[in-house]
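Scroll down for the structure; my scribbles are underneath it.
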Amino acid sequence: EIGPRLNFCTSWSTNAVSVCKAAGLTKIERMEQSVRTLITALDSDGQAVAVPRDVEEQCVSLLHDRMTECRYAAPLMSFRVNVNPREVFDIDITGRGRAALEEANRDMGLALDSWDLDFYTGMFRDTLKRNPTSVECF
């Protein structure tokens, strides 16, 4: 199942909650849409076989936008999250160049393409002459 990140309330949710409140359902705080996809594999005889975990993960990674959505490993019982925010850190573009931004792109799930990587590397290294923070990149 894939749906919005738990720390991200979508505009769809805001509208749905407004409709619920207008209908007298005042205790609803959040409502979200999610998508369930069944991934199956067949052998050469057309018989169902287990999907290898790495293939499943590759398929799932193509089905959603990592910046705004995530995979739910189990059905959600609440939208509450018990997550401590990561510390803000610098991305060493002035020292390591584009490679530092590529690493942050991968590790933080930023979804920057090649043009973005070139643009932001040049902007911070050559124009601003400083390193961006993790917050600025997100």
Side-chain angles (χ1 to χ4, degrees):
E1 183 173 11
I2 296 170
R5 288 183 178 263
L6 298 179
N7 61 342
F8 178 78
C9 185
T10 66
S11 58
W12 186 93
S13 174
T14 302
N15 290 335
V17 170
S18 292
V19 169
C20 289
K21 288 187 182 201
L25 303 171
T26 59
K27 296 194 183 246
I28 295 177
E29 298 174 357
R30 184 170 172 191
M31 182 184 305
E32 295 288 0
Q33 288 180 306
S34 65
V35 176
R36 286 186 176 184
T37 304
L38 177 62
I39 300 171
T40 59
L42 303 176
D43 65 14
S44 58
D45 296 326
Q47 300 298 313
V49 294
V51 177
R53 187 75 173 154
D54 63 323
V55 172
E56 179 183 334
E57 291 299 324
Q58 287 175 342
C59 291
V60 168
S61 73
L62 296 172
L63 295 172
H64 72 291
D65 177 355
R66 289 179 20 191
M67 287 185 67
T68 59
E69 299 173 312
C70 65
R71 182 179 189 184
Y72 305 144
L76 296 181
M77 302 309 286
S78 169
F79 290 110
R80 305 227 186 271
V81 292
N82 296 324
V83 176
N84 294 324
R86 285 177 53 175
E87 293 290 322
V88 175
F89 58 92
D90 285 347
I91 303 192
D92 188 20
I93 289 178
T94 58
R96 295 182 47 220
R98 179 178 161 147
L101 190 55
E102 288 173 346
E103 182 180 316
N105 187 38
R106 182 184 61 251
D107 293 348
M108 296 170 59
L110 300 177
L112 299 175
D113 63 16
S114 184
W115 185 93
D116 294 326
L117 292 166
D118 287 339
F119 177 81
Y120 290 115
T121 298
M123 182 178 77
F124 281 100
R125 184 188 59 210
D126 305 329
T127 304
L128 299 174
K129 299 185 185 324
R130 67 174 179 85
N131 288 323
T133 66
S134 53
V135 174
E136 290 174 301
C137 291
F138 194 74

**Prompt:** When hydrophobic residues are tied together by side-chain contacts of less than 4.5 Å, even through go-betweens, does Val17 share a cluster with Leu25?
**Reply:** yes

**Asked** Between Phe89 and Leu128, is there a shared hydrophobic cluster once you connect ILVMFWY residues whose side-chain heavy atoms come closer than 4.5 Å?
**Response** yes

**Asked** Does Ala48 offer a backbone N or O that forms a donor-acceptor pair with the side chain of Asp43 under 3.5 Å?
**Response** no

**Rounded distance (nearest 0.5 Å) linking atom CE of Met123 with atom CZ of Arg130** = 7.5 Å

**Asked** Any side-chain heavy atom of Ile93 sitting closer than 4.5 Å to one from Asn131?
**Response** yes

**Message:** Restricting to non-hydrogen atoms, name the atom on Glu1 and the atom on Pro75 that form the minimum distance, rounded to 0.1 Å.
**Reply:** OE1-CA, 4.3 Å

**Asked** In terms of hydrophobic clusters joined by side-chain contacts under 4.5 Å, are Val81 and Tyr72 together?
**Response** yes

**Item:** Approximate separation, where rounding is to 0.5 Å, of Leu110 CG and Met67 CE
**Value:** 6.5 Å

**Item:** Nearest non-hydrogen partners of Thr68 and Phe8, listed with the distance
**Value:** O-CD2, 4.2 Å

**Message:** My understanding is that only one of Thr121, Leu117, Asp107 makes a side chain to side chain contact (heavy atoms under 4.5 Å, CB included) with Glu102; could you say which?
**Reply:** Leu117

**Message:** Within the structure provided, determine whether Ile2 and Thr37 are in side-chain contact (heavy-atom separation under 4.5 Å).
**Reply:** no

**Asked** Side-chain heavy atoms under 4.5 angstrom apart, residues restricted to Ile, Leu, Val, Met, Phe, Trp, Tyr: same cluster for Leu63 and Trp12?
**Response** no

**Item:** side chain to side chain contact (heavy atoms under 4.5 Å, CB included) between Arg66 and His64, worked out
**Value:** CA-CA 6 Å; Arg66 289 179 20 191; His64 72 291; 3.8 Å; yes

**Main-chain N/O of Asp65 paired to Glu69 side chain as donor or acceptor, under 3.5 Å** = yes

**Fill in**
Between Ala104 and Ile91 the two heavy atoms that sit nearest each other are CB-CD1, 3.3 Å

**Request:** Just do the side chain to side chain contact (heavy atoms under 4.5 Å, CB included) check on Glu32 and Cys9 with the steps written out, would you?
**Result:** CA-CA 8 Å; Glu32 295 288 0; Cys9 185; 4.1 Å; yes

**Message:** Please determine whether side chain to side chain contact (heavy atoms under 4.5 Å, CB included) holds for the pair Ser114 and Arg98, giving the CA-CA distance in whole Å, both sets of side-chain angles, and the decisive distance to 0.1 Å.
**Reply:** CA-CA 10 Å; Ser114 184; Arg98 179 178 161 147; 3.4 Å; yes

**Item:** Distance (rounded to the nearest 0.5 Å) between Glu29 CD and Cys20 SG
**Value:** 12.0 Å

**Request:** State, with a plain yes or no, whether a side-chain heavy atom of Ile39 is found less than 4.5 Å away from one of Val55.
**Result:** no

**Prompt:** Taking the inter-plane angle between the rings of Phe119 and Trp115 on a 0 to 90° scale, is it parallel (under 30°), tilted (30 to 60°) or perpendicular (over 60°)?
**Reply:** parallel

**Asked** With a 4.5 Å heavy-atom cut-off, do Leu76 and Leu6 have their side chains touching?
**Response** yes

**Prompt:** Does the pair Glu136 and Phe124 meet the rule for a side chain to side chain contact (heavy atoms under 4.5 Å, CB included), with working shown?
**Reply:** CA-CA 11 Å; Glu136 290 174 301; Phe124 281 100; 4.1 Å; yes

**Separation of Asp92 CG from Asp90 CG (nearest 0.5 Å)** = 8.0 Å

**Asked** Counting only heavy atoms not in Arg71, do more than 12 fall under 6.0 Å of its CZ?
**Response** yes

**Single-linkage hydrophobic cluster, 4.5 Å side-chain cutoff, Leu101 and Met108 together** = yes

**Asked** Any sub-3.5 Å donor-acceptor pair from Thr94's side-chain atoms to Arg125's backbone N or O?
**Response** no

